Amino acid sequence: MKRTENKSPYLRLHIARSNDSRAFARMDIVAAVRREYDSGKLPTGSRLPPVRVLQHQLGVAKNTAHAAYEELVAQGVVENRQRLGYFVLARGKDRPTAKTTTPAMPMLLKVGSGVVRKAKGEGKNPIRLGSAFIDAELLPRERVAECFRAVLKQQGLPNDYDAQGFPPLRELIAKRLVKRGIPARADDVIITTGSQQALDVVTRALQKRSIATENPAYGIGKQLFEMNQMDVTGLPLDPFVGPDMKVWRKLLALNRPAVLYVTTNFHNPTGYSYSTAELMQLIQLSQELQIGLVEDDWGSDMLSYSEFRPPLRALGGENVLYMNSFTKKLIPSLRLGFLLANETTRAALLAAKRVATLANPTIVEAAVYEVVARGYYDTHLRRLQVELDTRYRACLDALTALMPEGVRWTTPGGGPVLWLELPRRVDLHAMTERLRENNVLLDARLKEWFFGTPHLHGTRINYAQESIERTRRGLELLAQEIRRELA
Ligand SMILES: Cc1ncc(COP(=O)(O)O)c(C=O)c1O
C-alpha cells in the first residue's frame, strides 16, 4: 500500500540542549514546545515538525523524538493524528489561545497603482499612436531564434556568468563603437538589462543624489530619479527651437547637479536631436561647471539612410558615460543594453550593477553576440531604417493633409516619434479618452514627462509601430478630435 505522506506546513521551533549535554534529550524537545505553548505563541491546530525532521536536524534517535511527542500528548499540549502528525491543542479557557496578529505594512513610496494593465476601454488591436516601440513585424525574430538555438546547441545552458557581461559580446560592442569614432574598450563595457538598467546603475553609483535632465524627460527615467529621492534639475527643452543654452547654464550653475543626463538622438518624448554645436556646448559646460555627462544614445541606430552623427562620447572622449541598447531595435523582450565607462568610473558602475542583478542571463548575451557577429544586426538595421524612413515620410504627409490650423509638429528625420504641439484650448485628457473609445491609443500624460508646469501642450506621435495605413487612420481620428475640441 502506498504510504500517504503529510506535506502540510509545520512549525519552526528553536530547540536548545540542556547546559552540560552534548546530545539532545527527550526533555529538551518537550521544554522547547512547552515554552512556546505556555507563552501562547503556538497557533491552535498547527503541526509540530515531523519526527523524521527532528531526527535529521537534531541527530536524535526516532525513539527519542517519539517519546518527547508522546510526553506532550500526555501533558495535553498536542494530539497525535497518526499518519498526519502531532498537532497543537487549544489551551484551557482560562488562558486565551494565541491570536495571529497582523504584522505592520511595509512603508513604501507612493506611486500610482503600480500595475501595468490594459487601459479601460481599450479594445482589440488598438492603433498605438503614442508608444515608443517599433512594429514587431519589422524585427528579426526568426534570426534571433536561430541564434538562440545555435548557442544552446554549441554550449548547452551556461552554468556561470560574468558580472560585467559576456566577454565576447563586450569585445564586439567595443569594436563596433570604435568604428564609429567612439572611444571604447571591452573592459569598459558593462552589459545591462536595457538602457533602463544602465540609467539605474548610474543613479546608484553617484556620490551626490542630484541629476539634471531635459524637461520634458524620458518618463521612466524621471520616475527612477524621483523614486531615488534625487534632487532633479529639469532643463527646459522646446523641440521646435532646441535648448536655450543660456538658461541651461544658469540652472546648472545654480544647482550644481552631479551629472547631466541627456538623450542626444531622438529624445523621448519630443523626438529632438542635438546639433553637433549644441553637443560641443554641453561639453564646454561640463568642463566649466565640473558636471559629468551621461549620454543616452538609444536613437543613433535609427537615423535615416543608415548614417550616424558623432555622439557626445565621440566628441568629448571617454569621461562621458555612454549608454545604448538592443531592445527597441532588435527585440524588446531581450532586454539587453550596455553602459560604457572608463578606467576611473568602471569600478563603481560595475559594483552598482552587481548589487542590482549580479549579472545578465549569459544565454541572452551569447545569443545577441551571435546576432551581431553573424552580421544579422547590421543587415536588419539597414532594412529597418529604410522602412522607418518610409513610415516617417508617410506620417508627415498625413499630418500635412489632415491637421487643422494651429497644430505644429517636429521633423526629427529618424527615430520612432515626433512631437505634436496642439493649441492650449485642446483638452488633452478628454481627447485621449475619446480616442481610446475609438481604439486609438495616445500617450499624453504630461505629468509623467514634465517637471512642474508643462511648457509644451501636446504629445508624442509614433510612426514606427503601426503600418502606414493604420497610422493614417489613427491620425484621421486624432485630427477629427482636435477639430472637435477647437470648435
Ligand atoms: C530615452 C530612453 N532611454 C532608455 C529607455 C529604456 O529602454 P530599454 O531599457 O528598453 O533600452 C527608453 C525606453 O523607451 C527611452 O526612451
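Since the structure is predicted, the reported quantities are computational estimates derived from the model, not experimental observations. Both counts, for ligands and for their atoms, begin at 1 and track the order of listing. The figures that follow rest on heavy atoms only: side chains count, while hydrogens, waters and symmetry mates do not.
- Partners of A348 under the side chain to side chain contact (heavy atoms under 4.5 Å, CB included) rule, at least two apart in sequence or in another chain, are A205.
- Contacts classified as side chain to side chain donor-acceptor pair (under 3.5 Å) and involving residues 362-375 (residues at least two apart or in different chains) are given here: E146-R374, E370-R374, R374-Y376.
- A salt bridge links R472 to E476: one of the charged nitrogens lies within less than 4.0 Å of a carboxylate oxygen.
- D301 has a carboxylate O that lies under 4.0 Å from a charged side-chain N of R180, or vice versa, which qualifies the two as a salt bridge.
- Ring orientation note: the planes of Y392 and Y463 are tilted relative to one another, at an angle of 30° to 60°.
- The contact shell of ligand 1, taken as protein residues with any non-hydrogen atom closer than 4.0 angstrom, comprises G194, S195, Q196, Y218, Y261, T263, N268, D296, W298, S325, T327, K328, R335.
- Sorted by first and then second residue, the side chain to side chain donor-acceptor pair (under 3.5 Å) pairs with a member in residues 250-263 read T233-N255, Y261-D296; sequence neighbours excluded.
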